[in-house]
2 protein chains.
Amino acid sequence: MSNTLRNDRLLRALKRQPVDCTPVWLMRQAGRYLPEYRATRAKAGSFLAMAKNPEIACEVTLQPLARFDLDAAILFSDILTIPDAMGLELYFVDGEGPKFRHPVRSAADVEKLAVPDMETELRYVMDAVRVIRRELDGKVPLIGFSGSPWTLACYMVEGGGSKDFARIKAMALNDPATLHRLLSINTDSVIAYLAAQRAAGAQVLQVFDTWGGVLSPAMYREFSLPYLTRIARELPRGDIQERTPLILFGKGNAAHLEALADSGAEAIGVDWLVELSEARRRTGGKVALQGNLDPAVLYGSPEAIHEQVRNVLASYGQGSGHVFNLGHGMSPDMDPEHVGVLVDAVHALTARA
Amino acid sequence: MSNTLRNDRLLRALKRQPVDCTPVWLMRQAGRYLPEYRATRAKAGSFLAMAKNPEIACEVTLQPLARFDLDAAILFSDILTIPDAMGLELYFVDGEGPKFRHPVRSAADVEKLAVPDMETELRYVMDAVRVIRRELDGKVPLIGFSGSPWTLACYMVEGGGSKDFARIKAMALNDPATLHRLLSINTDSVIAYLAAQRAAGAQVLQVFDTWGGVLSPAMYREFSLPYLTRIARELPRGDIQERTPLILFGKGNAAHLEALADSGAEAIGVDWLVELSEARRRTGGKVALQGNLDPAVLYGSPEAIHEQVRNVLASYGQGSGHVFNLGHGMSPDMDPEHVGVLVDAVHALTARA
């Protein structure tokens, strides 16, 4: 495995160092909008079969890089691998999203949980990281990731997706001690998981707090923020020179940008509901920022995409520290050609002569 | 019909006048969580059959008032009556929410739309207002309402609910002139609709901008805010002394509170994702505030509900101008007894000796 990275824009931007142009990658850039992905999935049989096979995970991770001038690869996996490895048994129902056969509903259920072993129960993830690093051969950096402790807990307690998060909010209100025990086990697991991905070769790490934004500010400060902060403080990621950057992405995290900037993470990922100019002002140069085009802009014409990309770049303004991304993941009905328009627009509009 | 209102707490709070205790009502307080509602619905056959029959609409409007010490009644109706009257044909599929048989997809579709006639096509709504006012007989004020121009447009263009609002956002990007024409017709209709409800007897008016919060700040300022502001400025609602208060409620409107406070509306309704202390500071005493308990708190124990009500009241702080409400509507699986706990807690915790 080569240690030389031929495209280090992402790492430089995350360290707020000068870049030749703004780096760009897209959440869910490897996915169903690509016909080659759908073909691989048809052969493999299911999403989970792909994610659990390192060679196939590598294949789909690399697919968008063959088409687009993206500045990073992101491990093809799921945010729910940790609870699956804890024994909750992840499965998918078409059109309904992820579900667990054994949800966590009581203090007794929480007592049974333990941090999974990374090189046995989650070995398939680490193997995928190793294979992808080998195949990337230094083309672009590889991003590893995990769900956040709160977001994992949402799925673990609800047993799947939810509109109102009634079960976990009831637990937060009626038995907060049990929820804190669950969040603590999840946090230990996320730290071990990201550390193992880093050891296997991941060069950037991202935590997805998909559901932090359903919490009132007071509940966010009690049930999500402290655990994100503990990850940022305790996750070993090397010395200052060679530090592996950590990105904390959260949907609906706009109310908490000051606190997130003080978490110890190198970068904060934001959705499209906050302007980057405001996010930059409120994070005070303490972190890099990732985002934040509304993914629905990919439904627009090439001209509209160009204009909206320009608006996001203008909102961030001059200087390094910006990683261009969507504010949320891509959808299956998006046009691959529009992704090319977006990626090229970011590079063209930010190229330093 | 008596013009004397025996409980005017809501009107006084909306005018930021002193009150004997904080008024409280709950979005979707007349609904499926009540067994008597489910019984009426079973007899009537469907939600729309209830909404379109003034006597039945009156019956279900009054049901929660018989159980709880609520300070307002809200017209039992739907936010989508206007596009239904425009000919889009509203219908409901169990578990999927509202749908339109004839969605608006093109400039030609928009050209065919006209402001409905309020005393023919929407007469059933005005009749319901008149019957409810008669039956309330001054017990509490009656709130009339409408969907916002943007929120109506979302359902009209998508043809129903949506996760990503792909169709309407594509229209916003690729053909903004057509979307503005649609929003303009919707705004004229909402103004005529609320004016007619007021003429029929509604004593407070609320606009629900349920989907404003899916827009980036720039798109919100282009496609939702100006139309809300036009309603606030153009809706006739009497002279200063007897002015009928207008409440602009929006899910996810926290980024826009300063602009909403300058819209000309008497009150702003907020969801639970912003603290009332912050909302109060940012609206600078220009408007009353309505909200903002997370509806999921009703899944908590009576003790937890009491504590969370106390937190919301403490966040608002001293002085009038607060209408207690949830940050969003109630759900069918909520316990009616918990609603009683909530309502009584608001009154007990704010009673002036």
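Here is how names work: the chains are called A, B, and so on, in the same order as the sequence lines, proteins then strands, and each is numbered from 1.
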Q: Between chain B and each of Gln308(A), Met334(A), Glu275(A), count heavy-atom pairs under 4.5 Å; write down the option with the most.
A: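 Among Gln308(A), Met334(A), Glu275(A), the one with the most close pairs to chain B is Glu275(A).
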Q: Report the option among Asp294(B), Leu293(B), Asp271(B) that has the most heavy-atom pairs separated by less than 4.5 Å from atoms of chain A.
A: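 Of Asp294(B), Leu293(B), Asp271(B), Asp294(B) has the most heavy-atom pairs under 4.5 Å with chain A.
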Q: Tell me the closest heavy-atom pair linking Leu173(B) and Ala296(A), and the distance in Å.
A: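 Here Leu173(B) and Ala296(A) meet closest at CD1-O, 3.9 Å.
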Q: Non-hydrogen atoms of chain B under 4.5 Å away: do they reach the side chain of Glu307(A), the backbone, both or neither?
A: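 Neither part.
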Q: Could you tell me the separation between the CG atom of Leu273(B) and the CG atom of Leu273(A), rounded to the nearest 0.5 Å?
A: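 These two atoms lie 10.5 Å from each other.
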Q: Check Tyr299(B) against Ala170(A) and note the closest heavy-atom contact, atom names and distance.
A: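 Taking Tyr299(B) first and Ala170(A) second, the nearest heavy atoms are O-CB, 3.9 Å.
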Q: Is chain B contacted by the side chain of Ser331(A), its backbone, both, or neither, given a heavy-atom distance below 4.5 Å?
A: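 Contact with chain B is through the side chain of Ser331(A) alone.
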Q: Over all heavy atoms of both residues, which pair between Trp272(B) and Pro217(A) is shortest? Give the atoms and the distance, please.
A: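 Nearest pair, atom of Trp272(B) first, then Pro217(A): O-CD, 3.3 Å.
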Q: Within a reach of under 6.0 Å around CZ of Arg310(A), are more than 12 heavy atoms found that belong to other residues, nucleotides or ligands?
A: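 Not more than 12 within 6.0 Å, no.
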Q: Contact part of Leu215(A) toward chain B, heavy-atom cut-off under 4.5 Å: side chain, backbone, both or neither?
A: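 For Leu215(A), backbone heavy atoms alone lie under 4.5 Å from chain B.
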Q: For Arg282(B), look at atom CZ and say whether over 12 heavy atoms of other residues, nucleotides or ligands are found less than 6.0 Å away.
A: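 Buried by this count: over 12 neighbours within 6.0 Å.
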Q: May I ask you to name which of Arg221(A), Arg167(A), His328(A) has the most heavy-atom pairs under 4.5 Å with chain B?
A: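 Most heavy-atom pairs within the cutoff with chain B belong to Arg221(A).
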Q: Atom CD of residue position Glu258(A) - does it have more than 12 heavy atoms of other residues, nucleotides or ligands inside 6.0 Å?
A: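 Buried by this count: over 12 neighbours within 6.0 Å.
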Q: Output the option from Gly213(B), Ser216(B), Ser315(B) having the highest count of non-hydrogen pairs under 4.5 Å with chain A.
A: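 The residue among Gly213(B), Ser216(B), Ser315(B) with the greatest pair count is Ser216(B).
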Q: For Asn174(B), which atoms come within 4.5 Å of any heavy atom of chain A: side chain, backbone, both, or neither?
A: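 For Asn174(B), the side chain is the part near chain A, not the backbone.
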